[in-house]
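Data first, discussion second: the structure below is written as structure tokens.
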Amino acid sequence: MLGKKKLFLFDIDGTVCLGDKLIPGVKPFLQDIKQSGGQFIFVTNNATKSVADYVTFFKGLGVACDEANFITASYVTVYYLKTHYPDQLIYVLGTDSLQEELKYNGIRVTTDCHEEGIACVLVSYDNQLTYDKLVDVCWLLTKADVDYVATNPDMVCPVEFGYVPDCGGICEMIAHAVKKEPYYIGKPETAMVDFALKQNPYTKEETMLVGDRLYTDIRCGKKAGVDTVLVLTGETTNADVSASVEKPNYVENSVATLYKKWRKDRQYLHHNEESEVG
């Protein structure tokens with residue numbers, strides 16, 4: 001039942017934001033979650049911003065938050081690289097912000113494809129992408145004995161006017177050239193949900209993942225064993241849901257309609273509890 005949910009894991013792009021604007025209904029929903037004793041965490045595959053950048057961004061939109069409210073693709077990428085490539089050199093195709101976050105967390109990073117000792121290529125969504133970066137990645141994946149990972153498989157990123165290519169789209173372009181696919185670290189892998197559950201005192205039954213993509217958000221929630229809500233403000237349409245084998249637990253037009261149903265269910269539960277006490 002929706003009213004019993006306390007830990008909400010929200011995707012960002014296409015779910016709570018379009019470009020640099022909040023989708024209507026998001027702010028009061030987040031406030032109500034906190035006031036009711038719950039918690040919200042943004043779980044995003046977008047690695048263009050660090051956690052600190054996201055805190056600043058959302059505070060600028062009037063959302064009260066801190067670092068505990070974010071688990072990003074860059075966050076789980078740091079954990080993955082530290083686990084699998086300790087003290088090894090990583091070539092990064094990604095934004096300056098991603099590179100700085102990796103360095104801050106002790107990852108050895110280079111953007112020189114000819115530097116000796118590169119163990120792995122990391123590709124991410126990069127709104128600073130150049131053709132030279134693509135050439136460097138293709139050279140490494142063709143000529144060097146290196147592993148290949150990427151932050152997330154999202155094909156497009158929703159923006160105010162429509163969509164722009166995301167990490168998965170960049171990787172598909174590279175794949176046409178080198179015939180190699182990366183291991184994707186972010187959603188639909190379950191690391192973000194796993195971290196959220198470890199860091200907060202809620203059960204899987206009290207947790208809900210809300211997103212706009214079937215192949216990342218909804219698949220991630222299903223794999224992690226938590227309920228899922230697909231909102232239609234981003235990439236996915238009702239036709240996509242009908243055609244998909246993998247179904248979300250709920251489909252809503254937006255976070256605003258989910259909020260209304262959650263509030264109604266909570267009021268119903270509260271009324272029943274009062275009746276039982278009486």
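Basis for what follows: all heavy atoms, side chains included, without hydrogens, waters or symmetry-related copies. Here the structure is a predicted model, which means the values were calculated and not measured.
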(message) If we ignore hydrogens and angles and just use 3.5 Å, is the side chain of Q128 paired with the main-chain N or O of D96 as donor and acceptor?
(response) yes

(message) Does K6, at its NZ atom, have more than 12 non-hydrogen atoms belonging to other residues, nucleotides or ligands within less than 6.0 Å?
(response) no

(request) Decide yes or no on salt bridge (Lys or Arg N to Asp or Glu O under 4.0 Å) for D66 and K59, but give the supporting numbers first. (result) CA-CA 9 Å; D66 57 32; K59 282 185 175 179; over 6 Å; no

(request) Provide the closest heavy-atom pair for L214 versus L230 in the form atom of the first, atom of the second, distance. (result) N-CD1, 4.2 Å

(message) Are F195 and Q199 packed together at the side-chain level, in the sense that at least one heavy-atom pair is separated by less than 4.5 angstrom?
(response) yes

(request) Could you walk me through whether L22 and F58 pass side chain to side chain contact (heavy atoms under 4.5 Å, CB included), step by step? (result) CA-CA 9 Å; L22 282 179; F58 274 93; 4.0 Å; yes

(message) Could you tell me if the side chain of N152 sits less than 4.5 Å from the side chain of D166, heavy atoms only?
(response) yes

(request) Using atom types as modelled and distance alone, determine if a side-chain donor or acceptor of D217 lies under 3.5 Å from a backbone N or O of D212. (result) yes

(request) Identify the two heavy atoms, one from W262 and one from S36, that lie closest to each other, and give their separation to 0.1 Å. (result) CH2-OG, 3.6 Å

(message) Before you tell me yes or no, could you show the steps for K21 and E160 under salt bridge (Lys or Arg N to Asp or Glu O under 4.0 Å), namely the whole-Å CA-CA distance, both residues' side-chain angles and the distance that decides it to 0.1 Å?
(response) CA-CA 8 Å; K21 294 182 179 179; E160 291 175 58; 3.7 Å; yes

(request) For the pair D13 (side chain) and C157 (backbone), establish whether a donor and an acceptor sit closer than 3.5 Å, ignoring hydrogens and angles. (result) no

(message) Let's go through D126 and K133 carefully: what are the C-alpha distance in whole Å and the side-chain angles of both, what is the deciding distance for side chain to side chain contact (heavy atoms under 4.5 Å, CB included) to 0.1 Å, and is it a yes or a no?
(response) CA-CA 10 Å; D126 187 356; K133 291 182 181 182; 2.8 Å; yes

(message) Assigning hydrophobic clusters by single linkage (Ile, Leu, Val, Met, Phe, Trp, Tyr; side-chain heavy-atom cutoff under 4.5 Å), is V26 placed with L9?
(response) no

(message) Tell me whether K204 is salt-bridged to D227, with the criterion being a basic N under 4.0 Å from an acidic carboxylate O.
(response) no

(request) Going by the side-chain hydrogen bond (donor to acceptor under 3.5 Å, both in side chains) test, name the single residue among D154, T151, D11 that passes it with N45. (result) D154

(request) Flag yes if I23 and F8 sit in one hydrophobic cluster, no otherwise; membership is Ile, Leu, Val, Met, Phe, Trp, Tyr, and two members link when side-chain heavy atoms are under 4.5 Å apart. (result) yes

(request) For this output row, return yes or no: ring centroids of F70 and F42 closer than 6.0 angstrom. (result) yes

(message) Please check: side-chain N/O of R108 versus main-chain N/O of D87, any donor-acceptor pairing under 3.5 Å?
(response) yes

(message) Regarding K5 and E206, does a basic nitrogen lie under 4.0 Å from an acidic carboxylate oxygen?
(response) no

(message) Given 3.5 Å as the limit, does a donor-acceptor pair link the side chain of S244 with the main chain of D240, or not?
(response) no

(message) Restricting to non-hydrogen atoms, name the atom on G168 and the atom on Y184 that form the minimum distance, rounded to 0.1 Å.
(response) CA-OH, 4.1 Å

(request) For residues A175 and E181, report the shortest heavy-atom separation together with the two atoms involved. (result) CB-OE2, 3.6 Å

(request) Ignoring hydrogens and angles, tell me if any N or O in the side chain of K49 forms a donor-acceptor pair with the backbone of N46 under 3.5 Å. (result) no

(message) Any non-hydrogen side-chain atom of V159 less than 4.5 Å from a side-chain atom of Y163?
(response) no

(message) For the backbone of A196 and the side chain of N200, can you confirm whether one donor and one acceptor N or O come within less than 3.5 Å of each other?
(response) yes

(message) For a 4.5 angstrom cut-off between non-hydrogen side-chain atoms, does Y250 reach V210?
(response) no

(message) Is the positively charged end of R263 above the ring of Y259, judged by distance under 6.0 angstrom from the centroid and angle within 45° of the axis?
(response) yes

(request) Check the side chains of E115 and T110 for a donor-acceptor pair under 3.5 angstrom, ignoring hydrogens and angles. (result) yes

(request) Could you check if a side-chain atom of V149 sits within less than 4.5 angstrom of a side-chain atom of C120, using non-hydrogen atoms only? (result) yes

(request) Take F40 and K34 through the side chain to side chain contact (heavy atoms under 4.5 Å, CB included) test and state the conclusion after the steps. (result) CA-CA 7 Å; F40 63 87; K34 294 291 287 186; 3.6 Å; yes

(request) Flag the pair L209 / C220 as yes when at least one side-chain heavy-atom distance between them is below 4.5 Å, and no otherwise. (result) yes

(message) Could you check whether any side-chain N or O of T236 sits under 3.5 Å from a backbone N or O of L232, counting only pairs where one atom can act as donor and the other as acceptor?
(response) no

(request) Verify whether one side chain among S50 and D53 offers a donor that lies under 3.5 Å from an acceptor in the other. (result) yes

(request) Taking T95 for its side chain and L98 for its backbone only, find out whether a donor-acceptor pair lies under 3.5 Å. (result) yes

(request) Give a yes or no on this: more than 12 heavy atoms of other residues, nucleotides or ligands lie within 6.0 Å of atom CG of D20. (result) no

(request) Indicate yes or no: does E189 engage K223 in a salt bridge with an N to O separation below 4.0 Å. (result) yes

(request) Flag yes if L122 and V78 sit in one hydrophobic cluster, no otherwise; membership is Ile, Leu, Val, Met, Phe, Trp, Tyr, and two members link when side-chain heavy atoms are under 4.5 Å apart. (result) yes

(request) Verify, without hydrogens or angle tests, whether E101 (side chain) and S74 (backbone) share a donor-acceptor contact under 3.5 angstrom. (result) no

(message) Is there a continuous path of hydrophobic side-chain contacts, each under 4.5 Å between heavy atoms, that joins V193 to L7?
(response) yes

(message) Quiz question: by atom type and distance under 3.5 Å, do the side chains of Y75 and N105 form a donor-acceptor pair?
(response) no

(message) Run F10 and I33 through side chain to side chain contact (heavy atoms under 4.5 Å, CB included) and show every step you take.
(response) CA-CA 12 Å; F10 290 103; I33 290 169; 3.8 Å; yes

(message) Hydrophobic clusters here meaning ILVMFWY residues chained together by side-chain heavy-atom distances under 4.5 Å, can you tell me if V109 and Y91 are in one?
(response) no

(message) Can you give me the closest heavy-atom contact between G234 and P158, atom names plus distance?
(response) CA-CG, 4.5 Å

(message) I'd like to know whether NZ of K4 has more than 12 heavy-atom contacts from other residues, nucleotides or ligands below 6.0 angstrom.
(response) no

(request) Report the distance from atom CG of D145 to atom CD1 of I118, rounding to the nearest 0.5 Å. (result) 12.0 Å

(message) Between K187 and Y215, is there a side-chain heavy-atom distance shorter than 4.5 Å?
(response) no

(message) Could you check whether any side-chain heavy atom of T77 comes within less than 4.5 Å of a side-chain heavy atom of L81, counting everything from C-beta outward?
(response) yes

(request) Step through it carefully: locate the ring centre of Y80, locate the ring centre of Y183, and say whether they are under 6.0 Å apart. (result) yes

